[in-house]
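Reckoned from all heavy atoms, side chains included, excluding hydrogens, waters and symmetry mates. Throughout, a chain's letter reflects where its sequence line sits, starting with A, and its residues are numbered from 1. Only a predicted model underlies this, so the values are computations on that prediction, with no experimental measurement involved.
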Amino acid sequence: MQERYDPAAVERAAQEYWEQHGSFQAREDPQRPKYYCLSMFPYPSGRLHMGHVRNYTIGDVLARYMRMQGYNVLQPMGWDAFGLPAENAAIANGVPPATWTRDNIGYMRAQLRSLGFAIDWQREFATCDPSYYHWNQWLFLRMLERGIAYKKTGVVNWDPVDQTVLANEQVIDGRGWRTGAPVEKREIPMYYLRITAYAEELLGALNELPGWPERVRVMQQHWIGRSEGVELAFPYAEDARERLGADGVLKVFTTRADTLFGVTFMAVSAEHPLALVAASSDPSLAAFVDECRRGSTMEADIATAPKRGMRLGLHVRHPFTGAAIEVWVANYVLMAYGEGAVMGVPAHDERDFEFAQRHGIAIRTVVKSASAAYEHVGPAWQPSYAEPGVLIDSGRFSGLSSEAAIDAIAMAAEQQGLGRKRLQWRLRDWGISRQRYWGCPIPLIHCQACGDVPVPDEQLPVVLPENLVPDGSGNPLARDAAFVAVRCPRCGQPARRETDTMDTFVDSSWYFLRFASADQANAPVDQRVRYWMPVDQYIGGIEHAILHLLYSRFWTRVMRDLGLIDLSEPFARLLTQGMVLNHIYYRAGAQGRRQFVNPAEVSPRFDEHGVRTGAVLLGSQQPVDYGGLGTMSKSKNNGVDPQTLVDKYGADTARLFMMFASPPEQSLEWSDEGVQGQYRFLRRLWKAVHEHVTAPGGGAPRPALQSSALSAAARDLRRIAHQTLAKVGADIGRRRTFNTAIAAVMELLNAVGHYGEPEPQARAVRQEALEIAVLALSPIVPHVSHCLWFALGHRSAVIDERWREPDPEALAQALVELVVQVNGKLRARLQLPAGAQQQLAVDAALADPDVQRFIAGKPLRRAVHVPDKLVNLVV
RNA sequence: GCGGACGUGGCGAAACCGGUAGACGCAGCAGACUUAAAAUCUGCUUCCUUAAAAGGGAGUGUGGGUUCGAGUCCCGCCGUCCGCACCA
């Protein structure tokens, strides 16, 4: 055994062993329980970042631990390889996205291997492989057949300079992020997936996901957004009938039908047909409608914008009283929710109140608080009353509670054919068309005679040409004659291939299923998914709480309904890991713009309390300002390249630091000193084993332990070792608190260091303690554990070792420490035999001189005894 | 605005079911080794009181409450972070 810990040599040796023995290959084995451990696959952006290292280390620790528990573990890896950054890199460097992407995959794969993750690389694939996206296309066509996929014209962000659609995130202050050109809203035909058909199921099943974090479930619940309410129809008055047709009605959706008699205006969205008709003959109205439609896309702005509006010059009639009600167009009404129109009840809705105030519209109170705390909306400054209560001034419904009134009004409206109860969802159908090159082609052909014709299955996949280089203007696919020109599969005439590609979220919506049968060439999945699915533990960033995780739940159900699989929920347990943070330093640059300085280039400065105040540049000693902690990012220049960490300290130190610095769900603060501390620990562990095996007699075979004849110190060390085993098992397996698991092993190693008994069995006791330390750490620092395990005299690798159960005999304690409190304050500690009865414990406590001092002769009123733990004497 | 989470030493954190607050690590201080430094090892390290020790007191954002006992449970307030954001 080497005397010095040499991470590079250790890691090379361990990785070679795993490689030669095919240690990570997962094979279906119905005789053994399976464990599918999956970390979200990466986008091949170039190099791994710390977030990746954290994500994959968490997964790897769990995978290796469960393997030691006897599970047949699958931990695969793939690449979310389609997407915009590849196109941007292509524009910048003139390289085809395919080349850039595959180069990045090669580099990042090597990085993942160097970190020693127990990944079954035989199942690897990238979503840009035709053998994968073939099945995106095939599944899309099945959805089209069933009406789950459909075509509709929808509104998108359009950059007029680049001639392309922009994602919402690429629109900054209403302008394209690359061109700076004002973004237009365009109506473009797109393909949609009917996720709303699954809304009820997706919502209800959230309750059956106890292994998911509460907050992710709450976020999805809110996103799906189920509302129970009433759809009401307001018949057109004469002016509207003249312009729009005799039998027309204005429909609205409301959750507060009980406030129907408080309606004093109607408001429609700027995209509502009524607004468009009215605007067609009124230039000022047309200008307003246009302004609203072009309005800011920033969500926060929308919420705080003043409630503006204009009269349409049209009226509708109240369904019950027949009174004429003026129709307005208002900027706060959303076309995409409900009917794109609302009934305005200023007395009982904050937004309607604000609007009415601004435009001098009447406010009519029709609900009062049942507790009579609220009487009346009188003066203009009084806010609206939005709570349920008892109806007043509401015709035959007066006196009813809000709840009863909603039912009664819905029923009455239904009898007149002017309404019904219904559900409204916030969730919208998922538009998957992207006017982008680097994505999965949508398998359709547009024929003048036959219309939109699906590509026949036997012609799949529609292969994306990989040699195109986008130049930033539009989709190069659309200009690629070889791709576009095609014959109609139905009539054989020249036709045009669809050049839109699929949203990359499609690619990631079922990749976890494909891992179970990655080599299946004739179907998207096969019988093997029955064995591996569901994913037992999924690990990834909270940023995917809604989109990716909701789409995957939807897609899994679609595949279920297509008869391909027989499960609904893909991820049994979900762990959302926290962000990786680092300090931010900057200098004031030109025009007050901050120039961010990488923390590696500065030496921090602290005040007398040790609080970080700033720093100086390493070379020039010039001062830089401190900007607090923030997520590692390019823009703040506070990233740390994992590769430099691995090169300097090795993969095990990188893994150990990531797991030790904080529990996995919390954010993790980067610390160079912390990394060194973990490196120090591994060196100490190495040294402890080295000293043990090179000590006199250390070369002998592994010593056997006779537990019957041990000194007190030896029994203490044994107890600590077995307690550590129990604690680490619970912390990794149940609590997922890797930081406390590591701390426990550190305590054990400290105890080994302090154990210096010269007794005959010392070597056996120390051997056992070190074995437990190495075994317990092996999921976290697998390389160093691999070598130390052999060094401790084992002939088989630690990776194939089973987790050990703590020895009850070692855990048993003859004497326990009992804490004595007087009036709840700690006053003494006693050594008592384990299992002492209350009487014995209290008597012992009362006999203690320290305790007597605090009782000071006062009568004992009560004694609380917690066996083997504590006595509290109340005087 | 609505919803959720959180608030513990100089710092990251621990305390799992209401029972010893601060495990473990970082930083710091002292000592050993060394010509010296680094590395390593040993010890100390919440605050106040004290020359020091012993001893005592205080202490988990803040004010109350429940309890023999509260970092943990309940109520109010302050603050931080995250998510959603005109969803009728």
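Put simply, Q666(A) has a side-chain N or O that comes within less than 4.0 Å of OP1 or OP2 on rA13(B). Checking the phosphate oxygens (OP1, OP2) of rA88(B), no side-chain nitrogen or oxygen of K307(A) falls inside 4.0 Å. Distances shorter than 4.0 Å separate none of the side-chain N or O atoms of R217(A) from OP1 or OP2 on rG3(B). Within the 4.0 Å cut-off from OP1 or OP2 of rA15(B), at least one side-chain nitrogen or oxygen of R735(A) is found. A sub-4.0 Å separation between OP1 or OP2 of rG43(B) and a side-chain N or O of H754(A) is present. Side-chain nitrogen and oxygen atoms of N750(A) include none within less than 4.0 Å of the OP1 or OP2 phosphate oxygen of rA23(B). Checking the phosphate oxygens (OP1, OP2) of rU20(B), no side-chain nitrogen or oxygen of R829(A) falls inside 4.0 Å. Side-chain N/O atoms of S671(A) include none lying less than 4.0 angstrom from OP1 or OP2 on rC11(B). Put simply, R4(A) has no side-chain N or O that comes within less than 4.0 Å of OP1 or OP2 on rA39(B). Residue N823(A) has no polar side-chain atom (N or O) positioned under 4.0 Å from OP1 or OP2 of rC68(B).
With both pairing distances under 3.5 Å, rC16(B) is matched to nothing as a Watson-Crick or G-U wobble pair. Of all nucleotides present, only rG43(B) satisfies the Watson-Crick or G-U wobble test against rC29(B), with each distance under 3.5 Å. In this entry rG7(B) has rC78(B) as its Watson-Crick or G-U wobble partner, both defining distances falling under 3.5 Å. When both distances must be under 3.5 Å, the Watson-Crick or G-U wobble mate of rU60(B) does not exist. For rG22(B), there is no paired base (Watson-Crick or G-U wobble, both distances below 3.5 Å). Across every strand in view, rA52(B) sits unpaired, with no contact that passes the Watson-Crick or G-U test at under 3.5 angstrom. In this entry rC2(B) has rG83(B) as its Watson-Crick or G-U wobble partner, both defining distances falling under 3.5 Å.
Using a 4.0 Å heavy-atom distance criterion, F657(A) is classed as making no nucleic acid contact. Using a 4.0 Å heavy-atom cutoff across all strands shown, G677(A) reaches sugar-phosphate atoms only and no base atom. Counting non-hydrogen atoms under 4.0 angstrom, R853(A) reaches the backbone sugars and phosphates but no base. Base engagement by V333(A) is indicated by at least one non-hydrogen atom pair under 4.0 Å involving a base atom. Residue contacts shown for T737(A) are absent, as no nucleic acid heavy atom lies under 4.0 Å away.
Note: CZ (R428(A)) to C1' (rA85(B)) measures 12 Å, nearest angstrom. Going from atom CG of L873(A) over to atom P of rC68(B) covers 15 Å, rounded to whole Å. Across the protein-nucleic acid pair, R680(A) atom CZ and rC24(B) atom C1' stand 13 Å apart, rounded to whole Å. In this structure, M659(A) places its CE atom 14 Å from P of rA14(B), rounding to the nearest Å. Straight-line distance from the CG atom of L777(A) to the C1' atom of rC24(B): 13 Å, rounded to whole Å. Rounded to whole Å, atom P of rC26(B) lies 12 Å from atom OH of Y649(A). Rounded to an integer number of Å, the gap from CH2 of W223(A) to P of rC2(B) is 21 Å. Rounded to whole angstrom, the span from the NE2 atom of H865(A) across to the P atom of rG19(B) amounts to 16 Å.
Distance from the side chain of F660(A) is smallest to rG25(B) among rA88(B), rG25(B), rG57(B). For V342(A), the listed nucleotide lying nearest its side chain is rA88(B); candidates were rG12(B), rA88(B), rG19(B). Nearest nucleotide to the D731(A) side chain, out of rC16(B), rG43(B), rG19(B): rC16(B). The side chain of V874(A) has rC68(B) as its nearest neighbour among rA58(B), rG19(B), rC68(B). Listed candidates were rA27(B), rA88(B), rG19(B). Nearest to the side chain of V866(A) is rG19(B). Nearest to the side chain of E817(A), among rA88(B), rG57(B), rU20(B), sits rU20(B). For Y332(A), the side-chain atoms get nearest to rC86(B) when compared with the rest of rA14(B), rG19(B), rC86(B). Proximity note for N331(A) (side chain, C-beta onward) versus rC86(B), rC24(B), rG19(B): the nearest is rC86(B). Side-chain atoms of K825(A) lie closest to rA58(B) of the nucleotides rC11(B), rA58(B), rC24(B). Candidate nucleotides rA13(B), rG25(B), rA88(B) were compared by shortest atom distance to the side chain of N739(A), and rA13(B) ranks first.
Side chain of H272(A) to backbone of L274(A): a donor-acceptor contact under 3.5 angstrom is found. With Q220(A) contributing its side chain and A545(A) its backbone, the two residues share a donor-acceptor pair below 3.5 Å. Side-chain N or O atoms of H544(A) include none that pairs as donor or acceptor with a backbone N or O of G540(A) at under 3.5 Å.
A donor and an acceptor atom, one from each side chain of R680(A) and Q678(A), are nowhere located under 3.5 Å apart. Judged by distance alone, the side chains of N750(A) and Y755(A) never bring a donor and an acceptor atom under 3.5 Å apart. A donor-acceptor pair shorter than 3.5 Å can be found between the side chains of T576(A) and E665(A).
Using a 30° and 60° split on the angle between ring planes, F234(A) and H318(A) fall in the perpendicular class, above 60°.
Map R862(A) and R734(A) each onto its nearest nucleotide of RNA chain B; the residue landing nearer the 5' end is R734(A). Nearest-nucleotide positions on RNA chain B place V218(A) closer to the 5' end than the other of V819(A) and V218(A).
Rounded to whole Å, the separation between the P atoms of rU62(B) and rG56(B) comes to 25 Å. Look at the P atom in both rU72(B) and rG65(B): the space between them is 14 Å, to the nearest Å. Taking the P atoms as reference points, rG3(B) lies 37 Å from rA21(B), given to the whole Å. If you take atom P in rG55(B) and the same atom in rU40(B), they sit 35 Å apart, rounded to whole Å. Using C1' as the reference atom, rG69(B) and rG19(B) are 7 Å apart when rounded to the nearest Å.
Contact annotation: side chain of R684(A) to base of rU40(B), donor-acceptor pair absent below 3.5 Å. At a cut-off of 3.5 angstrom, the base of rC82(B) holds no donor-acceptor pair with the side chain of R215(A).
Inter-residue side-chain proximity for W328(A) and F355(A) is flagged as met; some heavy-atom pair is nearer than 4.5 Å.
Annotation: W670(A) is not in aromatic contact with H583(A) [ring centroid separation under 6.0 Å not met].
For rC33(B), the base is anti relative to its sugar; the glycosidic angle deviates from 0 by more than 90°. In this entry the base of rG31(B) is anti relative to its sugar, with a glycosidic angle more than 90° from 0.
Rounded to the nearest 0.5 angstrom, L668(A) CG and T631(A) OG1 are separated by 11.5 Å.
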